[in-house]
S.K.: 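Got a structure for you, questions after.
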Amino acid sequence: MSFRKIKERIMLGLIAILALLSAVPIFAIIFSVYFEGMKHVSLSFLIDLPPPPIGDKAGGIGPALAGSLILIALALAIGGTIGFFTGLFLSEFSHTKLAQQTQMILQIMVEFPTIIVGLFAYTVLVLPLKRFNALAGAFALAIVIIPYIALNVKEAYKSISFTLKEAAFSLGLSAPTAYLRVLLGAAKSGVLTALLIGMAKAAGETAPLLFTILGSTFTYFAGLDQPIHAIPLLIYNFALSPYERWHQVAWGASAVLLTIILTIFLVSRMIIRGART
Amino acid sequence: MRGRNLLVMSAVIVVAIALVIAFGLSGIFRGEADQTPAISTTPSLITTTAPAAITTRELPSGTINGAGASFLNPQMQAWAMKFYELTNGKIQVNYQSIGSGAGQAKFREGMLDFAGSDVPLKKGIYNEFKEKGGIIQFPVIIGSVAIVYNIPGAESGRLRLTGEILAKIYLGEITYWDDPAIKELNPDIALPHERIIAVHRSDGSGTTFVLTAYLSKVSEKWKEKVGADFTVQWPVDEIGSGVGAKGNEGVAAAVKQNQYSIGYVEAAYAYELGLNVAEIRNSDGRYVLPTSETMKAAAGALMARLPKADEDWSGIFPHEVMDPPGPDSYPITSFSFVILRQVYDDPVKVELLREFFKWVLTAGQESENIVKGYIPLPPEVAEIGLRGLEMLRAGG
């Protein structure tokens, strides 16, 4: 084998190893979270109230899980709606100045520190209501996920072939019918994926919730204008405590959160694969 | 044409969303009015297991929201849990750990029913509340700041320090572990010639406030140059030997990870995390560890000087109570406080707050309800809060 060939092999090998290395942290995280966390997870863990710091009471993450699900649903309802129509606008009116500027702003928003979004929600929804509340949390999460959803929806509609669009409109349909009835079918998998990415993002965010929902120990849901809990917030609080019992609950909660997010990603991969075949 | 249709549609949707949000919000405001939980008319729920104090009367029901000191958090959760069980879930006390500084700020903005804090309100804020109907602040538990260290090779003995030396370390004047001043106090420990890494809190913290108040009391120079607050400018940072860390847990971790470091954490954290705790010289010249005996002794020595719950505590707290007299007093002992308004719009809130804190200050102080590492109040100090609770009232 010539020297050049050997050099090429070595370089390729090195690159392959580096590529593998970049995946190691992900698997290490997944492994350690499940290894430490799953032993604490049970059905009652998903339902019960959190335990006191010491004592042998098992306890659970009931209010945090319920709160997270409610917040995700609300954030998706607000952010999904706005994000979808923004994405549609970006795709179909991409030649307008407004669309170009909107897109630029959305791209900045993707990189925006989410803690600042939390502060914003605090100013507009917590201060006037004089109470930490679930709606402010959902609002902050919605702002965080809008750019992800909008940019992905835009790609989904962009990917529809021009002939199909032409065909849809040549049927004499109005624009809303064309976009939402006919073309949505073609963009379905992309739009669903966009929503799922937004959902996963909303499930995992801590910073937007720090200033908005306060957290709640006993209450699962008491109304949109009342404090609510969330899994990332529970992990943040319990992991920082010095108590072994709370560390265990934080590990268990991490495993639950990771399961939620991995499930969402698996579903979205399946949707994408289904669309390709 | 197509474009116009879409624009019209978009406009309709925007209006629709706006309407939905508007209705949603109005629903919230309506909801608030309706939601006032009625004082339950069902007679006592609990019959045999609960203490008599909450069995004989009718119980209000509802949630009270509080937040603040992270130090108070584990104990407050334990109390809230126990009270939740005792009242069969009728009274839910939601306490979140956001730090003393943030707790006071949010309480002041009217977003919390009560605040937990390692220090009482400052004079200016106290006066502001006084104009708006008054304040009630009282100790709920004893806390103290432990000085923790990590010197490899010195595990054999226990480090002894004085307040002056501690001040000089954080002032950046004593920079090596084998400084003559430290050596003199610790003849039995092999102190290495290594730079002292001084760990301190990076976030606003009641623990910092208590420690810097102590340093201000024992060192004139500290008082002039740095003073006491939730956050201060650490002189030791200027010579590059200071390390900032977030929360008690952050400082504890930084001390564990950095060899030849020193730091300060709430005593409960120091013991729970198994850190080396230094003995500190008290005003009687004895070297003491923060233990339940030395903290109780310090609290006992302070008793005569404590104000009433509706008075301004900032005159003596935390500066004046540091380094109390008595041979067994631990010098950096303080209280963790609960802060309430005197007047609440909602009469049910008043009932709920009174029920819970009355229990906290009586049965809650018994050893089975105290989390390990926390020290219950002497009954005379608990009395301050009980008197204070009588001042709670509803009004608008």
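Residue numbering restarts at 1 for every chain, and letters A, B, ... go by the order of the sequence lines. Predicted model only: the values in this text are computed from it and were never measured. The analysis underlying the following values was restricted to heavy atoms, covering all of them including side chains, and did not include hydrogens, waters or symmetry mates.
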S.K.: For B:F114 and B:F357, I'd like to know if the aromatic rings sit close, meaning centre-to-centre distance below 6.0 Å.
M.R.: yes
S.K.: Look only at the side chain of B:Q365 and the backbone of B:V360, and say whether a donor-acceptor pair between them is shorter than 3.5 Å.
M.R.: yes
S.K.: For A:L233, which atoms come within 4.5 Å of any heavy atom of chain B: side chain, backbone, both, or neither?
M.R.: neither
S.K.: Under 3.5 Å, is there a donor on one side chain and an acceptor on the other for A:N237 and B:S97?
M.R.: no
S.K.: Taking atom types as modelled, is there a side-chain donor on B:Y264 or B:T208 under 3.5 Å from an acceptor on the other?
M.R.: yes
S.K.: Based on non-hydrogen pairs under 4.5 Å, which of B:N73, B:I98, B:V93, B:N248 is most in contact with chain A?
M.R.: B:V93
S.K.: Contact part of A:F238 toward chain B, heavy-atom cut-off under 4.5 Å: side chain, backbone, both or neither?
M.R.: neither
S.K.: Could I get the full list of side chain to side chain donor-acceptor pair (under 3.5 Å) partners for B:Q75, not counting sequence neighbours?
M.R.: none
S.K.: Counting a contact as any heavy-atom pair under 4.5 Å apart, which residues of residues 213-221 of chain A contact chain B?
M.R.: A:L214, A:G215, A:S216, A:T217, A:F218, A:T219
S.K.: Would you tell me whether B:N65 and B:N94 have side-chain atoms, one donor and one acceptor, within less than 3.5 Å of each other?
M.R.: yes
S.K.: Which atoms of B:A80 are under 4.5 Å from chain A, going by heavy atoms: the side chain, the backbone, both sets, or neither?
M.R.: both
S.K.: How about A:Y122 and B:K106: does a side-chain donor come under 3.5 Å of a side-chain acceptor?
M.R.: yes
S.K.: Counting only heavy atoms closer than 4.5 Å, note whether A:F139 contacts chain B via side chain, backbone, both or neither.
M.R.: neither
S.K.: Within the 3.5 Å criterion, strictly below it, is a donor on A:K158 or A:S94 matched to an acceptor on the partner's side chain?
M.R.: yes
S.K.: Under a plain distance cut-off of 3.5 Å, with no hydrogens placed, do B:Y95 and B:Q77 share a side-chain donor-acceptor pair?
M.R.: no
S.K.: Sort out for me which of A:L127, A:N133, A:L210 touches chain B most, counting heavy-atom pairs under 4.5 Å.
M.R.: A:L127
